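From a predicted model like this one, the values you see are computed outputs, not experimental measurements. For this chain, numbers begin at 1 and follow the sequence in order.
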Amino acid sequence: MMQGFYMLALQRAKRQRRIALAACAAALISAFFAARVWFATPAVSVAASAEPYVAQSEDGRLVVTRGGETVLRTGIDVRTLPSADRDALSDGIVLEDELALARLLEDYGS
């Protein structure tokens with residue numbers, strides 16, 4: 001009779017190990033897919049990156065727009081800039097990327 005209980009205990013332990021192994025495998029698979037999503041590079045739409053920035057003067061301040069929406073309102077007073085720069089800003093200066101925008105802001109901001 002003791003031998004029967006011993007066999008039942010072994011079968012139960014074996015079943016518990018299988019359940020634990022399956023749970024660990026499921027957790028590892030979930031962690032793998034979560035890491036793939038977490039570290040995936042975000043998709044950038046081509047249409048959004050094709051829109052240039054436009055720097056222009058608005059109410060005496062430098063304003064940057066992109067695609068018709070205001071992206072940045074600066075505290076740079078355009079009246080302190082040279083007349084050639086004021087004329088260019090009144091027409092709107094087209095900037096192709098963030099680097100060109102950063103250069104313009106650095107030039108006008110200092």
With rounding to the nearest 0.5 Å, note down the distance linking CG in Leu28 to CZ in Phe33.
-> 12.0 Å
The reported gap from CG in Asp97 to CG in Leu101 (rounded to nearest 0.5 angstrom) is 8.5 Å
Minimal non-hydrogen separation, Val71 against Arg66, with atom names = CG2-CB, 3.5 Å
Shared hydrophobic cluster for Val94 and Val78 (ILVMFWY, side-chain gaps under 4.5 Å) | no
Indicate whether the side chain of Glu98 and that of Tyr53 have a donor and an acceptor atom separated by less than 3.5 Å.
-> yes
Is there side-chain contact between Val63 and Thr70, with at least one heavy-atom pair below 4.5 Å?
-> yes
With a 4.5 Å limit on heavy-atom distance, are the side chains of Leu95 and Val54 in contact?
-> no
Output for pair (Asp107 CG, Ile76 CD1), nearest 0.5 Å, gives 9.5 Å
Are Leu89 and Leu62 close enough that some pair of their side-chain heavy atoms sits under 4.5 Å apart?
-> yes
Interatomic distance, CG@Leu21 vs CD@Gln16, rounded to 0.5 Å, equals 13.5 Å
Looking at side-chain heavy atoms only, is the closest gap between Val64 and Leu104 below 4.5 Å?
-> no
Hey, could you give me the OH/OG1 distance between Tyr108 and Thr80, rounded to the nearest 0.5 Å?
-> 10.5 Å
Mind checking the OG-CG spacing from Ser90 to Asp85? Nearest 0.5 Å is all I need.
-> 11.0 Å
Counting only heavy atoms not in Asp59, do more than 12 sit closer than 6.0 Å to its CG atom?
-> no
Does a side-chain N-to-carboxylate-O contact under 4.0 Å join Asp77 and Arg79?
-> yes
Full working for side chain to side chain contact (heavy atoms under 4.5 Å, CB included) between Ile93 and Gln56 = CA-CA 6 Å; Ile93 300 173; Gln56 55 195 11; over 6 Å; no
